[in-house]
Number of protein chains: 2
Amino acid sequence: MTVSRVLNNSGRVAPETRLRVEQVIRELGYVPNALATGLFKGRTRTIALIVSDISNPFFTVIVRGVEDLAQRNGYTVVVGNSDESVEKERQYVASLISKRIDGLLITPAGNGSRRILEALGRRGSPFVLIDRDVEGVTADSVTGDNVAGAKLLTQHLIELGHRRIGFINGRRELSTSRDRQRGFEMALRERGIELNPVLIGDNAHRRDEAYRVAHQLLELPPEERPTALIAGNNVLVIGVIEALRSAGLAVPEAMAVVCFDDLELASALDPFLTVVAQPVRSFGTIAAQFLLERLNGEADVQPRRVVLTPELVVRRSCGAGLGPLVI
Amino acid sequence: MTVSRVLNNSGRVAPETRLRVEQVIRELGYVPNALATGLFKGRTRTIALIVSDISNPFFTVIVRGVEDLAQRNGYTVVVGNSDESVEKERQYVASLISKRIDGLLITPAGNGSRRILEALGRRGSPFVLIDRDVEGVTADSVTGDNVAGAKLLTQHLIELGHRRIGFINGRRELSTSRDRQRGFEMALRERGIELNPVLIGDNAHRRDEAYRVAHQLLELPPEERPTALIAGNNVLVIGVIEALRSAGLAVPEAMAVVCFDDLELASALDPFLTVVAQPVRSFGTIAAQFLLERLNGEADVQPRRVVLTPELVVRRSCGAGLGPLVI
DNA sequence: ATTTATTGTGTTACGTGTAACATGGATGAG
DNA sequence: CTCATCCATGTTACACGTAACACAATAAAT
């Protein structure tokens with residue numbers, strides 16, 4: 001008990017006793033058992049972060065932001081990789097509940113995440129959604145303005161003279177994909193361009209699917225074939241570029257290409273891709289901030305929703321600077 | 001007790017009782033408290049991974065590999081970011097000891113990590129070194145053959161006709177940097193090329209330092225100035241390329257550039273950099289495998305050291321295919 | 001029918017830290 | 001000198017799961 005008081009600076013301990021305790025602690029290399037404390041106090045000072053793909057630089061930056069903030073506030077971060085699978089999420093959350101983590105940050109894999117998050121909520125564990133919303137779930141969230149982002153990209157291409165713009169979009173189930181597609185369609189409508197549904201290749205899960213979908217668009221008859229492509233994210237765009245390379249089409253001369261989300265290192269190496277960049281790190285830090293505030297009871301009962309503004313970064317792949325294309 | 005027996009399939013439980021227990025478990029949404037189990041059993045089925053930079057794709061791939069294997073074996077991964085700081089490592093390990101993690105995977109920040117790891121070892125927690133060795137520490141380790149890698153890069157440049165090769169190397173304290181430099185020097189010696197110490201800009205901690213060091217090499221008098229540069233890793237190379245760009249030097253025409261470690265997405269986007277690639281994912285999975293085996297008591301007392309072979313990936317930045325340079 | 005073995009369930013104690021209360025001694029007020 | 005107050009430390013009980021042992025009831029063996 002006295003040792004506990006010394007370590008926590010709680011209650012009163014005679015200065016001389018304190019010194020003696022500290023001495024013995026050093027001699028024995030004693031480290032208090034956080035499991036026991038957690039068991040007693042019902043909180044573990046541990047939060048979890050489940051991302052849908054840890055090897056994607058986009059999520060990596062989020063991990064870093066979260067880790068940074070958590071560390072500074074004395075929290076430990078457990079990282080999980082859901083691989084875009086709700087089932088894996090479920091397993092993770094089960095294990096995390098068992099380990100009595102204090103809260104969760106998640107880039108949900110889909111609308112199926114709803115049940116999982118509701119179960120978590122019923123247990124009293126707060127959670128914050130990052131990057132993606134889940135239908136029917138009201139919680140703190142930090143997302144990007146995907147409608148606005150898509151409009152920026154689309155408008156930019158239109159201004160460069162493109163009329164037939166292809167859209168290779170990500171998983172239909174994700175709020176980001178839906179919003180991006182909506183923004184795309186809105187931008188076209190606003191400029192009076194008719195939407196050709198053939199030009200939307202949606203629901204690409206991975207890079208190789210983006211490759212395939214892009215190829216399909218390239219096989220359209222010349223009068224329908226797009227002159228520019230928008231890729232739904234930073235990974236899909238790689239598949240798109242690979243498809244163009246395999247078809248012998250130069251970017252941006254034969255085909256303009258733009259996408260969502262910057263690849264920091266790749267862009268530094270070669271500022272090539274025109275993108276809509278998001279303040280990704282803030283996704284992580286703000287979400288972590290929200291969660292920590294909730295854990296400290298500093299947050300309103302009302303969920304907070306932050307929507308961060310994207311920014312158009314014009315580089316070479318859109319063909320800007322080459323003058324508008326005439327086709 | 002009976003509930004415990006049902007959940008763990010241990011001891012005997014009447015089938016009818018088992019059903020009844022399972023029913024109630026479902027009704028109450030009961031999830032056993034892993035803290036209590038951990039407290040009692042003295043193991044938590046949690047391992048930690050401390051990397052020196054989570055936002056670096058190189059380490060990210062390791063994180064993914066580790067997470068994957070751990071997850072499949074019922075372990076949870078706590079991820080820490082040391083930011084190349086031994087002090088941060090120390091804080092982390094202290095917190096992890098307190099949380100009674102079962103073992104640690106670490107890309108150590110330097111030789112100062114020795115004391116930390118020794119302290120961990122005294123507590124009986126096994127650990128595995130990834131990517132880097134620490135002087136005086138004998139433990140399981142998974143590293144790359146950095147001497148061989150450096151030789152591959154250097155020989156390749158020599159074969160392309162380069163005689164004055166600059167080397168922008170990473171932190172002197174890291175075994176990887178030292179080995180790479182050694183391989184570089186060996187390759188030069190083997191081909192009878194005299195080593196000019198001015199051409200080695202070592203101990204660059206970050207990208208901006210690589211930028212600065214590269215600039216210094218460019219300011220050498222023409223007869224000393226290198227015609228090719230080797231960057232110590234995938235981040236430093238960005239700084240080097242930026243320096244060349246700011247100096248108006250085209251790669252590879254005016255300066256060949258090669259480096260260690262591939263950037264998967266960047267290379268897919270544009271296969272530009274000639275690199276020595278390492279089987280990075282295996283770094284993570286093999287290390288995790290070693291740790292799990294040790295935790296299961298399946299491992300020898302003898303530490304195991306695996307050295308993975310790097311591979312030269314020739315692309316455009318070295319100028320291969322343009323024919324040897326004549327200078 | 002009696003002994004032995006088997007089966008299913010319950011009890012106790014432990015791992016470790018800490019809130020709440022208890023205790024004994026010293027100090028101070030009256 | 002006595003009673004109240006304060007201070008430092010100790011005790012007890014709890015958080016929760018589980019190994020080890022105990023026990024009653026049944027089944028099998030003699």
Side-chain angles (χ1 to χ4, degrees), chain A residues 1-46 74-76 78 93-103 120 122-125 295-297, chain B residues 1-46 48 74-76 78 93-103 119-120 122-125 295-297:
Chain A
M1 196 57 231
T2 302
V3 173
S4 172
R5 279 192 269 254
V6 168
L7 286 169
N8 298 300
N9 273 316
S10 64
R12 343 187 125 274
V13 181
E16 194 242 351
T17 314
R18 160 163 275 125
L19 287 174
R20 214 145 46 86
V21 169
E22 282 165 352
Q23 172 64 23
V24 175
I25 283 177
R26 246 169 294 134
E27 274 168 23
L28 300 178
Y30 168 80
V31 178
N33 188 325
L35 297 173
T37 308
L39 187 57
F40 181 82
K41 293 211 170 176
R43 38 186 262 119
T44 51
R45 295 203 143 259
T46 302
Y75 278 80
T76 302
V78 169
V93 169
S95 145
L96 297 170
I97 287 175
S98 168
K99 296 210 153 117
R100 299 299 193 263
I101 53 141
D102 294 338
L120 197 66
R122 275 196 299 277
R123 293 207 117 71
S125 299
L295 293 177
N296 294 333
Chain B
M1 195 59 231
T2 302
V3 174
S4 172
R5 280 191 269 256
V6 167
L7 286 170
N8 299 300
N9 272 317
S10 63
R12 346 186 123 275
V13 181
E16 195 242 350
T17 314
R18 159 164 276 127
L19 287 175
R20 215 146 43 86
V21 168
E22 283 164 352
Q23 173 64 25
V24 175
I25 283 177
R26 245 169 296 136
E27 274 168 24
L28 300 178
Y30 167 79
V31 178
N33 187 325
L35 298 173
T37 307
L39 188 57
F40 182 81
K41 293 210 170 177
R43 38 188 262 117
T44 51
R45 295 203 143 260
T46 302
Y75 278 80
T76 302
V78 169
V93 170
S95 144
L96 296 170
I97 287 175
S98 167
K99 295 210 153 114
R100 300 296 193 264
I101 52 142
D102 294 338
L120 197 66
R122 274 196 300 277
R123 291 207 119 71
S125 299
L295 293 177
N296 293 334

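Lettering follows sequence order; numbering is per chain, from 1.
- K99(A) and T46(B) share a donor-acceptor pair across their side chains, judged by distance under 3.5 Å alone.
- Between G103(B) and L295(B) the shortest heavy-atom distance is N-CD2, 4.5 Å.
- Side-chain contact check for L96(A) versus L120(A): every heavy-atom pair is 4.5 Å or farther apart.
- DNA chain D lies under 4.0 Å from no heavy atom of any residue of residues 24-34 of chain A.
- For residues 17-26 of chain A, the pairs satisfying side-chain hydrogen bond (donor to acceptor under 3.5 Å, both in side chains) are N9(A)-R18(A), Q23(A)-E27(A), with sequence neighbours left out.
- For V24(A), the side chain to side chain contact (heavy atoms under 4.5 Å, CB included) partners are L28(A), not counting sequence neighbours.
- Residues that satisfy the side-chain hydrogen bond (donor to acceptor under 3.5 Å, both in side chains) test with S125(A), not counting sequence neighbours, are absent from this structure.
- Side chains of V13(A) and V21(A) form no contact here, defined as non-hydrogen atoms less than 4.5 Å apart.
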Name the pairs: protein N/O against N/O of nucleotides 25-29 of chain D, kept only if under 3.5 Å.
none

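- Protein atom CE of M1(A) is 12 Å distant from nucleotide atom C1' of dT16(C), rounded to whole Å.
- If you measure from atom NZ of K99(B) to atom P of dT16(C), you get 18 Å, rounded to the nearest angstrom.
- Remark: T2(B) is not in phosphate contact with dG8(C), judged by side-chain N or O atoms under 4.0 Å from OP1 or OP2.
- Residues of residues 35-43 of chain B that place a heavy atom closer than 4.0 Å to DNA chain C, in numerical order, are A36(B), L39(B), F40(B).
- Residues passing the side-chain hydrogen bond (donor to acceptor under 3.5 Å, both in side chains) test with S4(B), sequence neighbours excluded: N8(B).
- One distance of note links CG of L35(A) with NZ of K41(B); it measures 13.5 Å at 0.5 Å rounding.
- When all heavy atoms of G38(B) and T44(B) are compared, the closest pair comes out as CA-CG2, 4.5 Å.
- Looking at residues 3-16 of chain A, you'll see S4(A), N8(A) sit with a heavy atom under 4.0 Å from some atom of DNA chain C.
- Each of R20(B) and R100(B) lies near DNA chain C, and the nucleotide nearest R20(B) is the one positioned closer to the 5' end.
- Considering only residues two or more places apart in sequence or on other chains, N33(A) meets the side-chain hydrogen bond (donor to acceptor under 3.5 Å, both in side chains) condition with none of them.
- In the helix from dA1(C)-dT30(D) to dG30(C)-dC1(D), the rotation axis of the first five pairs and that of the last five pairs differ in direction by 50°, rounded to 10 degrees.
- Here the OG1-CD1 distance, from T76(B) to I101(B), works out to 12.0 Å after rounding to the nearest 0.5 Å.
- Residues passing the side-chain hydrogen bond (donor to acceptor under 3.5 Å, both in side chains) test with E16(A): none are found, sequence neighbours excluded.
- Checked against side chain to side chain contact (heavy atoms under 4.5 Å, CB included), S98(A) has the following partners two or more places apart in sequence or in another chain: V31(B), A34(B).
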